[in-house]
Amino acid sequence: ALDLRHCIANVCLMNGSMDLQEAESKPLWLCPSCLAKLSYSNSCPPVRRLKSLHRFYSKYGLHYEAENTLARLSLIPH
């Protein structure tokens, strides 16, 4: 287990939810804070994770998510 807590600072995948409707309304991405925590806990650099997610989203036709991931990737110096 990664032992990551629910996010209460931003709107992200790590927000808690009380029911299925609330869970399905969350975005598919992590906020910068949660991305940093996940990257640290599993030794996966954020750039590598975002590039991998972009490939996945593109492959399966998730265009909005692919574009959002590219935008997030462009904010990280690499």
Side-chain angles (χ1 to χ4, degrees):
L2 297 176
D3 196 30
L4 299 177
R5 292 191 162 66
H6 286 130
C7 182
I8 57 171
N10 300 292
V11 175
C12 85
L13 181 63
M14 292 300 295
N15 293 137
S17 54
M18 298 296 288
D19 56 40
L20 184 58
Q21 182 179 3
E22 191 176 5
E24 289 180 345
S25 69
K26 294 190 289 187
L28 294 178
W29 54 82
L30 298 170
C31 70
S33 298
C34 290
L35 179 59
K37 288 186 245 179
L38 180 65
S39 295
Y40 177 79
S41 69
N42 70 3
S43 301
C44 178
V47 170
R48 190 170 100 203
R49 176 178 169 71
L50 291 173
K51 285 181 178 180
S52 178
L53 282 172
H54 181 260
R55 285 191 301 274
F56 175 85
Y57 293 147
S58 296
K59 179 178 179 179
Y60 291 101
L62 300 165
H63 304 294
Y64 176 77
E65 288 78 8
E67 290 300 316
N68 181 282
T69 303
L70 273 183
R72 291 172 169 276
L73 189 56
S74 72
L75 299 174
I76 300 174
H78 57 281

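All values below were derived from every heavy atom in this structure, side-chain atoms included, with hydrogens, water molecules and symmetry-related copies excluded.
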Any sub-3.5 Å donor-acceptor pair from [X]'s side-chain atoms to [Y]'s backbone N or O?
{"X": "Thr69", "Y": "Glu65", "answer": "yes"}
{"X": "Asn42", "Y": "Cys44", "answer": "yes"}
{"X": "Arg72", "Y": "Trp29", "answer": "no"}

key: With sequence neighbours excluded, residues passing side chain to side chain donor-acceptor pair (under 3.5 Å) with Arg49   = none
query = Could you give the distance from NE2 (His6) to SG (Cys12), rounded to the nearest 0.5 Å?
reply = 10.0 Å
task = Would you give the length of the straight line joining atom NZ of Lys51 to atom CG of Leu70, rounded to the nearest 0.5 angstrom?
result = 10.5 Å
task = Please examine the side chains of Ser39 and Pro45, heavy atoms only from C-beta on, and report whether any two atoms are closer than 4.5 Å.
result = no
message = Quick one, Ser33 with Cys7, criterion side-chain contact (heavy atoms from CB on, under 4.5 Å). Give me CA distance, side-chain angles, the key distance, then yes/no.
response = CA-CA 9 Å; Ser33 298; Cys7 182; 5.9 Å; no
message = Please tell me whether Leu50 and Leu4 are part of a single hydrophobic cluster in this structure, the criterion being side-chain heavy atoms less than 4.5 Å apart.
response = yes
Same apolar cluster: Tyr40 and Leu38, side chain cutoff 4.5 Å = no
List the atom pairs, with distances to 0.1 Å, where a side-chain N or O of residues 54-64 and a protein N or O form a donor-acceptor pair under 3.5 Å, not counting sequence neighbours.
unit_1 : atom_1 : unit_2 : atom_2 : d
Ser58  : OG     : His54  : O      : 2.9

query = Hey, is CD1 on Ile8 packed in by over 12 heavy atoms from elsewhere, all under 6.0 Å?
reply = no
key: Which atom of Arg5 lies closest to which atom of Met14, heavy atoms considered   = O-CE, 3.5 Å
Mind listing the side-chain donor-acceptor pairs of residues 20-27 below 3.5 Å, one per line with the distance, residues two or more places apart or on another chain?
unit_1 : atom_1 : unit_2 : atom_2 : d
Glu22  : OE1    : Met18  : N      : 2.9
Ser25  : OG     : Glu22  : O      : 2.8
Lys26  : NZ     : Leu13  : O      : 3.2
Lys26  : NZ     : Asn15  : O      : 2.7

